[in-house]
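Chain naming here is simple, since letters A, B, ... match the order of the sequence lines and numbering starts at 1 in each. It should be emphasised that the depicted structure is a prediction, and the values quoted were computed from it without experimental measurement.
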Amino acid sequence: MNKHHKLAARLISKGVLVAALALSSLTSIAKAEPINKPYDWLINVQTQQLPRAFTYKNSQIQGVIKATVNYQQDSDPNKQTEYEYLWFHDSKTLGVEKLHTFDVTKGDGVAIAVTHKTTPTPEELRASGNAIVHLVLDSVVNKNVVALITVPYGSFDGIVAQMQAQNFQVLSNAQVELGANPVGINVFVASNPPGLMSQLIHY
Amino acid sequence: MFIGRRPQPLRKQNGNMLVLGCFTMTFSALIILIGYSFAGLVFVQNHLKNSAEEIALAGAIKLNELNNVGQMDNMIARNRQLVYAQQANYDEAQSSGATEAQNLANELLDESKQNAALMEAERVNLKTIVVGDSQLAMNQKFEDIFESYSMNLPWLKIDRVSSGVFSMGKIAGVQSPVAEFPVQTELVTNDRTQNLVQINKNGLNVYKESTNHKLPAPNDSLTFKLSSLPVPVNNQVSPARVVSDEDFVQTYDDYFVSATNVQLTLYVHSGLGASSTTKIVVSAVAVAAGASLQE
């Protein structure tokens with residue numbers, strides 16, 4: 001293994017460690033345990049189904065999912081800023097309503113946490129994946145590192161599949177060992193409760 | 001020899017009171033009949049006006065049934081915001097020089113533009129549906145009433161409703177149901193400069209109706225058409241209702257219509273003396289229900 005591969009492996013293993021730390025910190029919020037987190041801001045995404053939207057005959061956009069996004073500085077979790085609403089039909093983004101500018105401090109680390117209002121449908125999982133991709137881009141453009149993305153345990157596969165459909169590739173340890181180039185937008189997706197984790201990269 | 005007053009001639013027993021009485025009764029009956037006929041005409045005119053309003057309302061209800069048109073206008077405006085936001089991200093990514101950010105930004109920008117085309121196609125599809133449904137509802141209501149007017153009396157004959165003219169349009173002065181989005185300030189400046197927003201003193205600025213709200217270049221080829229529909233005020237949605245004829249504007253463009261105009265014609269013939277025909281024409285305008293708040 002040449003030095004590039006060793007560097008990549010160290011980066012990946014560090015990333016996994018960071019993700020594991022971040023995940024444990026997210027779950028420890030409920031237990032109120034003090035812990036150093038690798039992110040400074042938390043972006044919350046909650047999705048819900050809108051079954052009464054566009055119910056006219058031959059509608060190609062019937063069945064809309066709405067994602068409500070807010071962010072909070074981790075040091076002040078009681079102060080949330082409503083950021084935007086996103087609407088999706090299946091995996092297509094129909095529209096956005098910005099409620100606030102993305103005033104996350106440049107350079108800070110962010111985490112994205114996805115929840116669903118009710119038991120999600122496959123369409124809602126696709127919409128959730130797309131919402132994550134949008135927020136990843138907003139963060140990257142704002143010079144923020146996306147330290148961790150958490151999704152409900154039962155939604156993990158569907159959301160990761162949507163991110164893959166949007167050209168995020170899942171990296172396996174085997175790929176790393178074979179010399180996969182980690183230069184790109186790297187994100188770690190983990191389930192809540194823990195048990196599932198994937199590293200994805202968009203080139 | 002008879003001495004005394006000459007007997008007076010006997011008074012005539014037959015006179016003209018009976019004739020006078022009959023003539024008076026006949027004349028009175030004629031007056032009552034004429035009065036009844038006029039009252040009948042007024043009643044028919046009012047009844048016809050009510051029927052026109054019913055027909056117009058039946059059509060107007062279909063123009064924004066289940067808030068489909070309100071939802072469409074609102075989502076088109078939000079789709080416009082999406083394209084603008086993704087263009088801004090793309091421009092930022094380009095200036096940063098980070099290839100991976102540029103690639104992702106380019107993908108999301110392309111997706112947003114494709115979905116703008118999808119929304120425009122759905123808008124056109126929905127317009128065809130609502131106009132068809134509205135026309136059908138008005139025709140059905142007309143068929144229910146047009147035979148009910150005919151009446152045949154010796155002194156008065158009312159035909160069935162001879163014609164109904166239905167047209168669609170909007171109400172003058174009613175803008176789109178979408179309130180201005182204030183966060184993307186450069187877009188706000190652009191929209192106000194391009195006169196795309198109606199500024200209202202009460203603070204509720206709305207995007208203008210019957211306008212293609214083009215984005216600045218390079219996305220100025222995309223279509224974002226918003227139509228006239230009452231906006232919710234204080235979270236109250238206005239119901240479909242009859243409004244004044246004077247405010248109706250007939251339209252022929254491809255924007256959504258939000259009002260119906262119905263004109264009904266009825267002929268009434270009088271058989272008293274010289275026969276005469278009166279043409280009664282009434283019209284009514286109804287407006288669709290306003291848009292609900294975006295979910």
Side-chain angles (χ1 to χ4, degrees), chain A residues 48-62 64-66 68 82-103 106 130 133-144 163 165-168 181-187 201-203, chain B residues 65-69 71-72 74-86 88-96 98-109 111-112 114-116 118-119 121-123 125-130 132-133 178-179 181-185 187 292 294-295:
Chain A
Q48 67 182 105
Q49 297 156 38
L50 301 181
R52 293 176 301 178
F54 303 115
T55 54
Y56 52 90
K57 49 185 180 228
N58 302 326
S59 168
Q60 302 298 307
I61 52 176
Q62 185 175 351
V64 172
I65 307 297
K66 179 182 180 182
T68 302
E82 289 189 321
Y83 173 47
E84 65 183 10
Y85 300 123
L86 288 158
W87 288 269
F88 303 89
H89 165 68
D90 203 12
S91 59
K92 302 187 189 77
T93 317
L94 297 183
V96 69
E97 181 177 340
K98 297 280 186 189
L99 306 170
H100 201 277
T101 46
F102 194 64
D103 287 347
K106 291 187 191 305
N130 200 338
V133 173
H134 276 267
L135 292 167
V136 165
L137 179 62
D138 285 354
S139 302
V140 167
V141 165
N142 197 49
K143 309 282 191 291
N144 298 115
M163 292 179 72
Q166 290 184 253
N167 299 321
F168 275 82
N181 185 351
V183 176
I185 300 176
N186 269 280
V187 295
I201 184 165
H202 188 284
Y203 296 109
Chain B
E65 200 169 29
L66 301 177
N67 193 36
N68 280 322
V69 171
Q71 288 177 38
M72 184 61 73
N74 270 296
M75 194 56 69
I76 286 172
R78 283 154 177 82
N79 180 260
R80 179 174 185 266
Q81 298 288 303
L82 177 70
V83 175
Y84 184 81
Q86 293 311 326
N89 275 345
Y90 176 83
D91 293 342
E92 188 65 35
Q94 289 288 108
S95 61
S96 74
T99 312
E100 55 275 12
Q102 289 168 12
N103 291 341
L104 182 57
N106 190 40
E107 285 171 17
L108 291 183
L109 177 59
E111 183 213 26
S112 68
Q114 285 168 20
N115 292 334
L118 168 68
M119 291 305 298
E122 284 301 298
R123 188 193 67 83
N125 176 36
L126 180 60
K127 195 209 168 185
T128 306
I129 291 170
V130 301
D133 286 352
V178 186
F181 301 116
V183 173
Q184 293 166 302
T185 49
L187 186 58
S292 303
Q294 174 66 45
E295 277 190 288

(request) Would you mind checking which part of A:V140 comes under 4.5 Å of any heavy atom in chain B, side chain (CB onward), backbone (N, CA, C, O), both or neither? (result) side chain

(message) With a 4.5 angstrom heavy-atom cut-off, is it the side chain or the backbone of A:N130 that approaches chain B, or both, or neither?
(response)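 The side chain, not the backbone.
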
(request) Under the side chain to side chain contact (heavy atoms under 4.5 Å, CB included) rule, collect the residues that match up with B:V69, sequence neighbours excluded. (result) B:N64, B:L126, B:V130, B:L229, B:F256

(message) Please enumerate all residues that pass side chain to side chain contact (heavy atoms under 4.5 Å, CB included) together with B:S96, with sequence neighbours excluded.
(response) A:K143, B:A98

(request) Considering only heavy atoms and a distance below 4.5 Å, find which of B:I76, B:N115, B:L118, B:T185 pairs most often with chain A. (result) B:N115

Identify the heavy atoms of [X] and [Y] that sit nearest to each other, and give their distance.
| X | Y | result |
| --- | --- | --- |
| A:K57 | B:I129 | O-CD1, 3.1 Å |
| B:Q86 | A:H134 | NE2-ND1, 3.1 Å |
| B:M119 | A:L94 | SD-CD2, 4.0 Å |
| A:K98 | B:A85 | CE-CB, 4.0 Å |

Which distance, rounded to the nearest 0.5 Å, do you find between the [atom1] of [X] and the [atom2] of [Y]?
| X | Y | atom1 | atom2 | answer |
| --- | --- | --- | --- | --- |
| B:N89 | A:D138 | CG | CG | 5.0 Å |
| A:N167 | B:L104 | CG | CG | 9.0 Å |
| A:Q166 | B:E111 | CD | CD | 6.0 Å |
| B:E100 | A:I185 | CD | CD1 | 6.0 Å |
| A:L137 | B:E92 | CG | CD | 10.5 Å |

(message) Please output the residues of residues 83-92 of chain A in contact with chain B, using a heavy-atom cutoff of under 4.5 Å, in numerical order.
(response) A:W87, A:S91, A:K92

(request) Verify the neighbour count for atom CD of A:E82: are there more than 12 heavy atoms of other residues, nucleotides or ligands below 6.0 Å? (result)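 No - once you tally the heavy atoms of other residues, nucleotides and ligands closer than 6.0 Å, there are 12 at most.
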
(message) What I want to check is whether the side chains of A:N58 and B:N125 have a donor and an acceptor closer together than 3.5 Å.
(response)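 No - no donor-acceptor pair under 3.5 Å links their side chains.
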
(message) Whether the A:Y56 and B:E65 side chains hold a donor-acceptor pair (N or O, under 3.5 Å, no angle test) is what I'd like checked.
(response) no

For [X], is it the side chain, the backbone, both, or neither that has a heavy atom closer than 4.5 Å to a heavy atom of chain A?
| X | value |
| --- | --- |
| B:Q184 | side chain |
| B:D133 | side chain |
| B:Q81 | both |

(message) Using only atom types and a distance under 3.5 Å, with no angle test, would you say the side chain of B:N103 pairs donor to acceptor with the backbone of A:Y203?
(response)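 Yes, because the side chain of B:N103 sits within donor-acceptor range (under 3.5 Å) of the backbone of A:Y203.
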
(request) Quick one: list whatever passes salt bridge (charged side-chain N to carboxylate O under 4.0 Å, His left out) with A:K106, sequence neighbours left out. (result)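 With neighbours one apart ignored, the set is empty.
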
